[in-house]
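To start, the structure itself, in structure tokens.
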Amino acid sequence: AVVSTQSRSRYFFLFCIQAYLRGWCRELDAVVVSINYSLAPDNPFPKGLDDCIFAYAWCLENMHTLGCSGKSIVFVGDSAGGNLAISTAMRANSYGLRPPDGIVAAYPVTYVKYAGRLFIDTLSVR
């Protein structure tokens, strides 16, 4: 994990490109943690998600090392990182870990499966 410490209360756990993270750290006066998670296809699912949940659990246990109280935790991710932000929050909840206070998922890669028939299927189109 790449860690920048600036604040004592805000904590952003990121799954996105690092180019703009230092600016966010300064502008938001927050601790920013960026996870260098394993990428597919060399590391098949769920390796990347496992990396993220292990890193998040470590951060929760080591807030003092990061120079942060963890009063507010937000997951941020773009594209596949958006998916990981959502998935890590879901897995944290299932493991009984503290959930994030917010999630920002920019154009996340997701798969939505409907349990029932779609509205368009019920229309009589002639």
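Model, not experiment: these values are computed from the prediction.
- Annotation: side chain to side chain contact (heavy atoms under 4.5 Å, CB included) contacts of D50 (sequence neighbours excluded): P46, F54, R91.
- Across all their heavy atoms, A55 and I35 have their closest contact at CB-CD1, 3.4 Å.
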Legend entry - Derivation and outcome, side-chain contact (heavy atoms from CB on, under 4.5 Å), residues W58 and V33: CA-CA 11 Å; W58 182 90; V33 177; over 6 Å; no
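- Shortest non-hydrogen contact noted between G82 and P108 is C-CB, 3.8 Å.
- A heavy-atom distance below 4.5 Å is not found between the side chains of D101 and F75.
- Residues L60 and I73 meet the side-chain proximity criterion, which asks for heavy atoms closer than 4.5 Å.
- Panel note: side chain N83, backbone V109; a donor-acceptor pair is recorded below 3.5 Å.
- Within the 3.5 Å criterion, the main-chain N or O of A89 finds no donor-acceptor partner in the side chain of N93.
- S69 places a side-chain N or O within donor-acceptor distance of the main-chain N or O of K71, the cut-off being under 3.5 Å.
- A 4.5 Å side-chain heavy-atom check between R98 and Y56 finds at least one atom pair inside the cut-off.
- Looking at heavy atoms from C-beta onward, P100 lies out of side-chain contact with V74 at the 4.5 angstrom threshold.
- With values rounded to the nearest 0.5 angstrom, L49 atom CG is found 5.0 Å from T88 atom OG1.
- Side-chain contact check for I53 versus L97: some heavy-atom pair is nearer than 4.5 Å.
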